[in-house]
Amino acid sequence: MTPVLIRRVRLGAAFVLLTYLILHFSNHALGLISLDAMETGRRWFLAIWRNPLGTLALYGAITVHGVLALWLLYQRRSLRMPSWEAAQYGLGLVLPALLATHVVGTRIAWWQVGTEDRYARVLLGFWVVAPERGIWQTITLLIAWIHACIGVHYWLRFRRWYPRVVMALFAGALLLPTLALAGYVTGGHEVVTLARTPGWREELARVTHPPSPAQGAVLVQIRTRFLEAYLAALLAVVVARGARRLWPRRRSIRVSYPGDRFVTVPVGFTILEASRVAGIPHASVCGGRGRCSTCRVRVVHGLGDLPAAREAEQRVLARVGAAPDVRLACQTCPVRDVAVAPLLAPSIVPGDAHTADVRQGRERELAVLFADLRGFTRMAEHKLPYDVVFVLNRYFETVGTAITQAGGVTNQFTGDGVMALFGIDVGPAAGCRQALAAARAMVEGLASLSAELAGDLPAPLRIGIGIHAGAAVVGRMGWGQSFYLTAVGDTVHVAARLEQATKDYHAELVVSEDVGRYAGIDLSAFRRDDLAVRNRAGRVPVRVITRVRELP
């Protein structure tokens, strides 16, 4: 079974168990209405889960989820892991032991001896007969829910829509167990009151058929055998991990990192596991499951000796546009010495889990656009600061929308100027066409904004735009929390100079002839000039476009 298939099967089993948990908690919450409401909900609940199909789905999911959890625990080469992952593993491993008594006393008792596990009987046991069991059941309820919520959160947080709904889901995750516990407490108090009624317990025993002492002993034996089998399975995993760890010590490999750091690990370890063994900080938002790209590394030495990337790894690397020398650390198991350089900071956030692989910097052919408002500084001298900020934000909204809708990336907003990049992923030809389309949309949008704010502006807003195309180094640059995608190089310098030249030419747009050539657009109808660029040998042939609406 491939790792991808294992993850999908385990995820499917987890969905079944989460559905069961949500419905079970909802049934508990009906206790806020009455004990009879809980019993009515229980009949619907049992109709779903105690028919042959529901039974197969539920207990199949429990078996699959548990067995695969033990298998994945065996597969891990190192038990070093993030705290959230350790919490999820730990809570998941204690759940079977905590649930054993409850499952045997309800489902198994019904199956083996015909005992009806009505809420009244179960709550009588938890609130009157053995209150300590009720406390343990409450703890078990919370552990199961926390385990499920951790899994859901760390599965969904790579979705782009997740930040928009996370607070609503968090509210639901708090509300459902709270209502379930409140219903459990309310139903328990009702049962405590009923238990004082003469003859109530006897009537309950008559309709629920509690197990006889002999049958109870059989049920206890079933629970004991399950716990022994589960403990034996855990011990078998621990022993197997120890044996596997000793076996390959005769053959180890060395993984080297920047700063003359290295670690020696047995063959079979992934690069991420090697980092964790050595205590080297290494980003891994998904916990090493191959769901994100944050653990990716550039292979400095030994790329040719690495096993070929499997389909799942190839898919993730393709999604971020990774270079040929980039691999996912959590999916790559070196068989010979290798030197790597992690590409993302250990503090990477989930939102950057699938960002483009440009942080190390790569040279690309692209189009760079600079734009600047004309005369805004003088106009701002006579306005209140609030009015200045309001107009600037509306201006940035207008030009930013034009840039993104054309396919560009807004790179920098400085003062009343903006820098944008086009063609990072699609190449310079499409990038130049996008930049020209953005220039037209920016001018049109600014005209509309000027008309809207005519009563507050002494004159219509004007803009100067410069566009140049060529090679530039593109990467995520910055420091601390202020990393952003940008470009540096001669192309950027020239584009900034073309924007400044619009003042000299009294034009809305100045573009280099390279832009027209890449875009496949005939600009021969516009004025041609050779522009001198400071600190650059030679002149840049440009086309001066007085009015952007005149573009073909």
Note to self: Checking the side chain of S256 only, and the main-chain atoms of F262 only, is there a donor and an acceptor separated by less than 3.5 Å?
What the structure shows: no
Next item on the list: Using the test salt bridge (Lys or Arg N to Asp or Glu O under 4.0 Å), find all partners of D529 that sit at least two apart in sequence or belong to another chain.
Entry: R527
Margin query: Can you list everything that forms a side chain to side chain donor-acceptor pair (under 3.5 Å) with R276? Sequence neighbours excluded, please.
Written below: none
Check: Do R364 side-chain atoms and I424 backbone N/O form a donor-acceptor pair below 3.5 Å?
Finding: yes
Check: Side-chain donor-acceptor pair under 3.5 Å between Y154 and Q88, yes or no?
Finding: no
Notebook entry, point to check: What is the minimum heavy-atom distance between V335 and P307, and which atoms define it?
Noted result: CG1-CG, 4.4 Å
Margin query: D260: which residues meet the side chain to side chain donor-acceptor pair (under 3.5 Å) condition with it, sequence neighbours left out?
Written below: none
Checklist line | Heavy-atom closest contact (I271 atom, P334 atom, distance) | finding: CG1-CG, 3.7 Å
Next item on the list: To the nearest 0.5 Å, tell me how far I22 CD1 sits from L17 CG.
Entry: 11.0 Å
Margin query: Is it the case that the ring center of W155 lies less than 6.0 angstrom away from the ring center of F15?
Written below: yes
Next item on the list: Please identify each residue that fulfils side chain to side chain donor-acceptor pair (under 3.5 Å) with Y395, with sequence neighbours left out.
Entry: none
Next item on the list: Please check if the side chain of D325 supplies one atom and the backbone of R298 the other of a donor-acceptor pair under 3.5 Å.
Entry: no
Note to self: Does R549 have more than 12 heavy atoms from other residues, nucleotides or ligands lying within 6.0 Å of its CZ?
What the structure shows: no
Next item on the list: Kindly state each residue pair satisfying salt bridge (Lys or Arg N to Asp or Glu O under 4.0 Å) with at least one member in residues 388-399, sequence neighbours excluded.
Entry: R394-E397, R394-E452
Note to self: To the nearest 0.5 Å, what is the distance between NE2 on H282 and OG1 on T294?
What the structure shows: 8.0 Å
Next item on the list: Would you check, one step at a time, whether the test side-chain contact (heavy atoms from CB on, under 4.5 Å) holds for V418 with I403?
Entry: CA-CA 10 Å; V418 62; I403 290 167; 4.2 Å; yes
Notebook entry, point to check: Rounded to the nearest 0.5 Å, how far apart are OH of Y257 and CD1 of I280?
Noted result: 4.5 Å
Next item on the list: Spell out, as yes or no, whether a donor-acceptor pair under 3.5 Å connects the side chain of S293 to the backbone of R296.
Entry: no
Notebook entry, point to check: CD1/I253 to OG1/T264 distance, rounded to the nearest 0.5 angstrom?
Noted result: 8.0 Å
Margin query: Would the distance check show the side chain of H153 and the main-chain N or O of V166 forming a donor-acceptor pair, the cut-off being under 3.5 Å?
Written below: no
Check: Partners of F170 by ring-ring contact (aromatic ring centres under 6.0 Å, His included), sequence neighbours excluded?
Finding: none
Check: So, T502 side chain and L498 main chain: donor-acceptor pair closer than 3.5 Å or not?
Finding: no
Notebook entry, point to check: Is a donor on one side and an acceptor on the other found under 3.5 Å between the side chain of W145 and the backbone of A173?
Noted result: yes
Notebook entry, point to check: Applying side-chain hydrogen bond (donor to acceptor under 3.5 Å, both in side chains), which residue pairs with at least one partner in residues 459-472 are found, sequence neighbours left out?
Noted result: H468-S512
Next item on the list: Taking ring-ring contact (aromatic ring centres under 6.0 Å, His included) as the test, write out the residues that go with Y74, two or more places apart.
Entry: W71
Next item on the list: Kindly compute the distance separating OG1 (T332) from CG (L328), expressed to the nearest 0.5 Å.
Entry: 6.5 Å
Notebook entry, point to check: Which pair of non-hydrogen atoms, one from L317 and one from V326, has the smallest distance, and what is that distance?
Noted result: CD1-O, 3.6 Å
Check: Got a sec, which residues hit salt bridge (Lys or Arg N to Asp or Glu O under 4.0 Å) with D490, two or more places apart in sequence or on another chain?
Finding: R536
Notebook entry, point to check: Which pairs with one or both residues in residues 429-446 pass salt bridge (Lys or Arg N to Asp or Glu O under 4.0 Å), sequence neighbours excluded?
Noted result: none
Next item on the list: With sequence neighbours excluded, give me every salt bridge (Lys or Arg N to Asp or Glu O under 4.0 Å) pair touching residues 496-507.
Entry: R374-E499
Check: How long is the gap from CG on D372 to CD1 on I465, to the nearest 0.5 Å?
Finding: 10.5 Å
Checklist line | Minimal non-hydrogen separation, A148 against L18, with atom names | finding: CB-CD1, 4.0 Å
Checklist line | E513: salt bridge (Lys or Arg N to Asp or Glu O under 4.0 Å) partners, not counting sequence neighbours | finding: R528, R543
Next item on the list: May I have the step-by-step check of side-chain contact (heavy atoms from CB on, under 4.5 Å) for L449 and L461, ending in yes or no?
Entry: CA-CA 8 Å; L449 181 61; L461 298 173; 4.0 Å; yes
